[in-house]
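Have a look at the structure below before the remarks.
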Amino acid sequence: MANLKVDFLGKVFKNPVVAASGTFGFGEEYNDIYDVGLLGGISSKGLTLKSKQGNEGIRLWETPMGLMNSIGLQNPGVESFISREINIMKQYKTNVIANLGGNTLDDYLIGVKLLNDSEVDIIELNISCPNVKEGGMAFGIKADIAYNTVKAVREICRKPLMVKLSPNAESIPEMAAACEEAGADALSLINTINAMAIDIYARKSVFNNYYAGLSGPAVKPIALRMVHQSAKAVKIPVCGMGGISSGVDAIEFIMAGASIIQVGTANFVKADSCLDIIKELDEFLDSQGIRDIKEITGII
Amino acid sequence: MANLKVDFLGKVFKNPVVAASGTFGFGEEYNDIYDVGLLGGISSKGLTLKSKQGNEGIRLWETPMGLMNSIGLQNPGVESFISREINIMKQYKTNVIANLGGNTLDDYLIGVKLLNDSEVDIIELNISCPNVKEGGMAFGIKADIAYNTVKAVREICRKPLMVKLSPNAESIPEMAAACEEAGADALSLINTINAMAIDIYARKSVFNNYYAGLSGPAVKPIALRMVHQSAKAVKIPVCGMGGISSGVDAIEFIMAGASIIQVGTANFVKADSCLDIIKELDEFLDSQGIRDIKEITGII
Amino acid sequence: MMKNDMSKIIENKHICDNIFELVVLSDIVPLPGQFYMIKGLNGDYLLPRPISVHNYQDGKLRLLYRVSGHGTDQISRMKVNDNIQVLGPLGNGFDIALLNGKIAIVGGGIGIAPLLYLMKNIESKKPDVYLGFKDETFCLEGFGPNRNELIVVTEDGNTGHKGYVTDFINVKDYDIVITCGPEIMMEKIIRACLEKNVEVYASMEKRMACGVGACLGCVINTKNGNKRVCKDGPVFNGTDLTV
Amino acid sequence: MMKNDMSKIIENKHICDNIFELVVLSDIVPLPGQFYMIKGLNGDYLLPRPISVHNYQDGKLRLLYRVSGHGTDQISRMKVNDNIQVLGPLGNGFDIALLNGKIAIVGGGIGIAPLLYLMKNIESKKPDVYLGFKDETFCLEGFGPNRNELIVVTEDGNTGHKGYVTDFINVKDYDIVITCGPEIMMEKIIRACLEKNVEVYASMEKRMACGVGACLGCVINTKNGNKRVCKDGPVFNGTDLTV
Ligand SMILES: Cc1cc2nc3c(=O)[nH]c(=O)nc-3n(C[C@H](O)[C@H](O)[C@H](O)COP(=O)(O)OP(=O)(O)OC[C@H]3O[C@@H](n4cnc5c(N)ncnc54)[C@H](O)[C@@H]3O)c2cc1C
Ligand SMILES: Cc1cc2nc3c(=O)[nH]c(=O)nc-3n(C[C@H](O)[C@H](O)[C@H](O)COP(=O)(O)OP(=O)(O)OC[C@H]3O[C@@H](n4cnc5c(N)ncnc54)[C@H](O)[C@@H]3O)c2cc1C
Ligand SMILES: Cc1cc2nc3c(=O)[nH]c(=O)nc-3n(C[C@H](O)[C@H](O)[C@H](O)COP(=O)(O)O)c2cc1C
Ligand SMILES: Cc1cc2nc3c(=O)[nH]c(=O)nc-3n(C[C@H](O)[C@H](O)[C@H](O)COP(=O)(O)O)c2cc1C
Ligand code: FES
Ligand code: FES
């Protein structure tokens with residue numbers, strides 16, 4: 001039994017495996033299948049200031065070893081979260097991460113203020129949403145826009161602040177460095193990659209919004225590269241994700257520099273994938289005579 | 001029998017299916033398996049001014065529905081190509097595309113001058129190589145550097161000039177527009193996506209160069225999005241590729257705006273994939289009562 | 001409670017055309033209308049496929065499925081004793097207690113799959129059963145004519161009546177209509193019932209990823225906002241639906 | 001000429017441990033040392049796997065393979081009558097005309113796969129055969145002792161001599177040595193031969209994508225520059241190799 005415990009932003013994670021935002025609801029559905037308190041943490045469904053109904057039309061599409069989604073941030077809104085869903089999450093003995101999105105800087109700021117007084121352990125700032133003031137280009141594409149956003153949020157944020165990078169950023173190392181400089185306590189990546197699917201019989205894009213986000217094993221080699229680049233570019237800790245489906249995958253991300261990791265699409269492939277991954281992490285460390293997972297974090 | 005014939009940069013392609021650079025050598029090996037003259041065209045192995053031995057260490061790595069490669073442009077050099085390999089390619093009754101790489105602008109310019117006087121039908125300028133003068137950042141990352149490169153090449157190039165974009169570009173629409181403005185006659189994309197794999201037992205990156213290029217079905221949804229973005233951003237024709245493995249895939253790219261397409265990794269999965277794709281294209285068009293493939297080009 | 005398990009395949013039988021029946025062992029007694037997320041272990045596809053309980057008896061779970069794409073094709077190639085991933089039972093299922101009075105069950109094509117187990121559960125209520133098929137019929141025996149009124153309709157008149165099943169039912173004759181099948185068939189039935197003030201329940205289909213209510217990928221618009229087919233459904237009261 | 005085809009599986013037999021034998025029909029008579037790119041049709045892996053001809057007779061191609069990862073595992077699960085993708089024969093193979101004098105064949109583990117067919121092709125030249133295994137031996141019959149000298153070595157002494165096969169051969173006794181097996185074994189043999197001026201041929205292994213010489217993914221450094229294992233090899237003359 002190797003030591004899987006990790007300190008991350010001052011919180012104790014009993015293991016480095018966190019359920020990824022948007023793939024795990026607020027934990028309750030998966031808690032019907034296994035005790036989600038066994039996880040290192042849970043990142044909530046992406047929250048916005050006001051509740052959202054999400055996108056119309058097809059929301060899911062399978063691709064070779066990948067999944068495209070266009071949920072459109074359907075969520076109950078920050079206020080409902082604080083009065084209701086957070087209590088569900090808090091009953092599981094694990095870290096609660098609030099994933100926060102927004103279309104304007106004000107959305108973020110008001111949302112963070114509300115969350116400041118809540119019981120969330122960490123705020124994960126999702127900067128992949130389209131920035132309505134900048135003409136729909138996401139906050140997470142250009143490093144200077146991200147810098148301004150994170151800096152403003154940082155000034156009022158009293159929770160540990162983890163910024164979630166988009167793989168669609170112009171330059172991952174520059175983006176990572178900009179967020180660190182703006183005061184992020186940690187980075188998480190990757191969010192989904194912009195992608196497209198066409199229904200050739202209907203002669204139209206499968207998704208109403210044309211493009212949708214790609215996740216799953218298909219993107220793993222790209223995600224791993226980006227996590228490695230980020231970890232090299234900053235001193236703050238990194239939370240790695242993108243296609244992680246096994247203990248081997250998780251170890252790759254950890255060796256590439258991730259202190260903790262998130263598991264998204266794999267939850268769909270097999271509902272208790274996170275438990276398998278924790279077990280496989282442990283077995284790998286034991287088989288290699290590694291007593292503490294921190295020994296291999298970022299060794300590449 | 002629908003009409004699959006396409007005019008592309010003044011050349012007649014008997015069908016829109018072209019074998020992709022680096023996956024088909026100079027055609028001779030696959031010609032042992034089937035008549036490669038049945039293809040619309042063949043793009044040569046990436047050429048550099050001087051011959052190259054390519055990279056040491058592992059060159060290939062399989063990923064979920066993807067392939068990573070780090071061949072490192074092993075090739076006989078432009079001069080050998082003009083005296084030897086081009087003659088091999090020219091015996092097959094199909095379009096010969098010379099894929100040209102380079103580490104400095106001079107490499108490109110001298111290479112193009114040599115190719116000007118050869119029998120190649122089209123030059124495909126591969127701007128994904130690391131630019132030694134700009135500190136190793138590829139020519140294909142920043143639109144202004146690409147613009148300068150393409151403009152200089154354009155001035156001396158007497159062949160139809162197709163510029164091959166890297167998916168690692170900061171912004172695909174800006175890159176596409178910059179290359180068009182600089183005088184490219186066509187664009188081709190995508191090249192491989194920067195990615196990483198780690199051998200967790202050896203505790204090192206699988207590839208000597210750390211990162212390598214990802215291709216194959218895994219990247220298809222990303223490639224399709226980028227081809228769609230490019231086709232919307234420019235008026236010049238686009239050659240689409242990235243994970244195409246079937247007629248359905250090819251139709252998606254064509255509907256997204258590609259006039260012709262290239263097939264790379266699929267040649268490895270099944271040696272005569274290109275023939276299957278041509279057949280499936282034809283069957284799809286017939287089944288939908290489409291008499292000419294151009295009717296559906298870019299309809300999305 | 002739901003089960004997330006590797007199950008050994010007891011049977012995986014070709015029934016007719018592209019219809020197969022998969023049998024696995026399962027401890028949990030499902031409700032009629034519930035479903036399972038099914039996935040072979042070595043398939044080159046990512047997401048499990050939602051399949052309804054077709055029948056359940058003595059610990060044997062029977063799933064009737066149509067090979068309609070890559071995933072179901074892969075499932076159909078699995079052999080007895082192979083391990084298969086089975087998550088379920090999932091979804092709300094039919095609330096049997098609510099099903100009183102004169103009942104019609106209307107199924108179309110592979111949509112009959114969940115209706116056999118439903119019928120077994122409400123046999124005492126003597127429902128009439130209407131089944132529509134394109135050409136070849138399958139699994140009629142279970143609905144057997146000695147048990148209740150069975151009206152079979154095929155588009156080509158090959159078996160039973162010729163035409164569409166919707167043309168052979170008069171919903172006014174019933175207190176409750178239950179339907180599962182192609183979208184267009186269900187829409188017609190639901191509209192007719194709503195017009196005539198007949199209670200109607202429909203089992204809906206949507207692409208799914210998690211199957212448990214977490215990803216919000218399978219929502220439909222209802223009069224009470226977005227509802228998840230996998231968790232809030234798949235069975236919906238017609239009055240909630242926006243047809 | 002090479003064949004690119006779907007072939008029906010005639011046999012796919014478990015031999016021992018993780019060793020299987022696959023039999024398919026094939027019209028083309030291969031050279032010993034040549035190989036095929038093999039891929040199941042519904043596997044969740046992309047690249048075909050290179051497997052050497054183990055035997056060929058009367059249109060039946062026999063491939064002996066070890067399950068060592070995901071792709072070979074998938075191949076091992078295929079059943080008689082399943083279709084499988086077979087591209088080949090590929091590579092140079094052994095040039096039988098060059099193999100004259102006293103010959104030793106040295107195989108290790110699954111590296112014995114290509115050596116049986118080689119042996120059959122040079123039986124008249126009465127080669128001595130040295131085979132090394134970790135513990136369990138397999139496919140010894142083919143090399144049968146009535147045909148030639150057969151020296152079997154296992155690391156644990158379970159069958160035959162105990163130790164490494166490299167300790168039991170004196171390369172000086174031969175004009176030509178032919179080897180296939182683990183890298184470390186081949187290196188030892190090649191070094192010994194080069195030292196003693198004995199002609200030596202080795203069958204090399206590298207990760208492959210195309211298998212036909214087009215992708216340049218499988219090159220090894222030789223004294224004459226990069227060579228493609230799939231096209232210029234897999235059989236190399238020891239004097240070319242940089243061991
Ligand atoms: C609650 C529920 C119960 C069902 N019960 C049954 C049943 O008992 N028997 C049966 O044969 N079928 C049933 N279906 C339909 C069945 O799930 C689909 O036919 C199947 O998922 C198609 O997968 P494929 O691999 O054949 O097709 P592919 O084309 O490979 O599927 C690609 C993706 O689209 C999804 N998809 C494709 N068609 C459908 C569809 N009609 N509904 C939902 N998702 C779809 C798949 O799940 C997959 O994610 C049910 C569907 C739902 C939602
Ligand atoms: C010319 C040649 C002839 C061969 N003949 C035989 C034979 O007759 N019998 C036999 O059992 N094996 C043979 N091998 C080795 C066999 O190809 C590998 O064991 C097999 O590819 C491993 O695939 P996997 O799916 O088990 O492993 P995975 O780990 O799933 O393979 C992942 C990738 O790595 C490659 N790879 C992994 N190990 C090797 C290896 N040792 N050599 C080359 N590529 C590898 C695979 O081809 C694949 O692309 C031969 C190899 C070569 C190059
Ligand atoms: C259905 C779905 C919904 C998602 N919703 C969110 C979200 O609300 N907020 C967010 O930051 N990321 C969201 N993501 C992205 C994931 O958290 C994760 O970054 C991404 O899927 C890559 O990891 P994976 O390959 O393990 O799934 C979503 C992903 C999926 C598949
Ligand atoms: C082994 C290999 C070698 C390649 N070499 C080159 C090259 O020399 N020049 C180039 O422009 N692209 C090269 N590529 C990229 C392909 O031409 C193509 O852009 C990419 O693989 C995406 O297409 P695919 O998914 O169909 O393979 C290579 C790809 C592979 C897999
Ligand atoms: S499939 Fe995930 S919520 Fe229904
Ligand atoms: S595997 Fe492609 S050149 Fe050898």
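So you know, we letter chains A, B, ... as the sequences are listed, proteins then strands, and number each from 1.
For B:E283, the CD atom counts as densely surrounded, since its 6.0 Å shell holds more than 12 non-hydrogen atoms of other residues, nucleotides or ligands. Atom CZ of A:F13 has more than 12 heavy atoms from other residues, nucleotides or ligands within 6.0 Å. Counted within 6.0 Å of CD on B:E295, heavy atoms from surrounding residues, nucleotides or ligands total more than 12; the atom is thus considered enclosed.
Of the two parts of B:F284, only the side chain, counted from C-beta on, holds a non-hydrogen atom closer than 4.5 Å to a non-hydrogen atom of chain A. Heavy atoms of B:I251 lying under 4.5 Å from chain A belong to its backbone as well as its side chain. The contact between B:I222 and chain A is made by backbone and side chain atoms together, counting heavy-atom distances below 4.5 Å. In this structure, the portion of B:I290 lying under 4.5 Å from any heavy atom of chain A is its side chain and not its backbone. Proximity to chain A involves both the backbone and the side chain of B:A256, based on heavy atoms less than 4.5 angstrom apart.
Interface remark: of the candidates A:N168, A:V219, A:L214, A:L214 forms the most heavy-atom pairs closer than 4.5 Å to chain B. Residue with the most contacts toward chain B among A:I193, A:I254, A:V248, A:N194: A:N194 (heavy-atom pairs, distance under 4.5 Å). Note on B:M226, B:K142, B:R203: by heavy-atom pairs under 4.5 Å with chain A, the leading option is B:R203.
The shortest side-chain heavy-atom distance between A:I141 and B:E170 does not fall under the 4.5 Å cut-off. Contact annotation: the side chain of A:Q288 never approaches that of B:I200 to less than 4.5 Å [non-hydrogen atoms, C-beta and beyond]. For the pair B:M65 and A:T63, the minimum side-chain heavy-atom distance is 4.5 Å or more. Residues A:Y211 and B:H228 meet the side-chain proximity criterion, which asks for heavy atoms closer than 4.5 Å.
Closest non-hydrogen pair, A:L224 versus B:M196, comes out as CD2-O, 3.4 Å. Taking every heavy atom of both residues into account, B:P221 and A:M68 meet most closely at CB-SD, 3.9 Å. Smallest separation of non-hydrogen atoms from B:I198 and A:E252: N-OE1, 2.8 Å.
We find the NZ-CD1 distance between A:K204 and B:I300 to be 9.0 Å, quoted to the nearest 0.5 Å.
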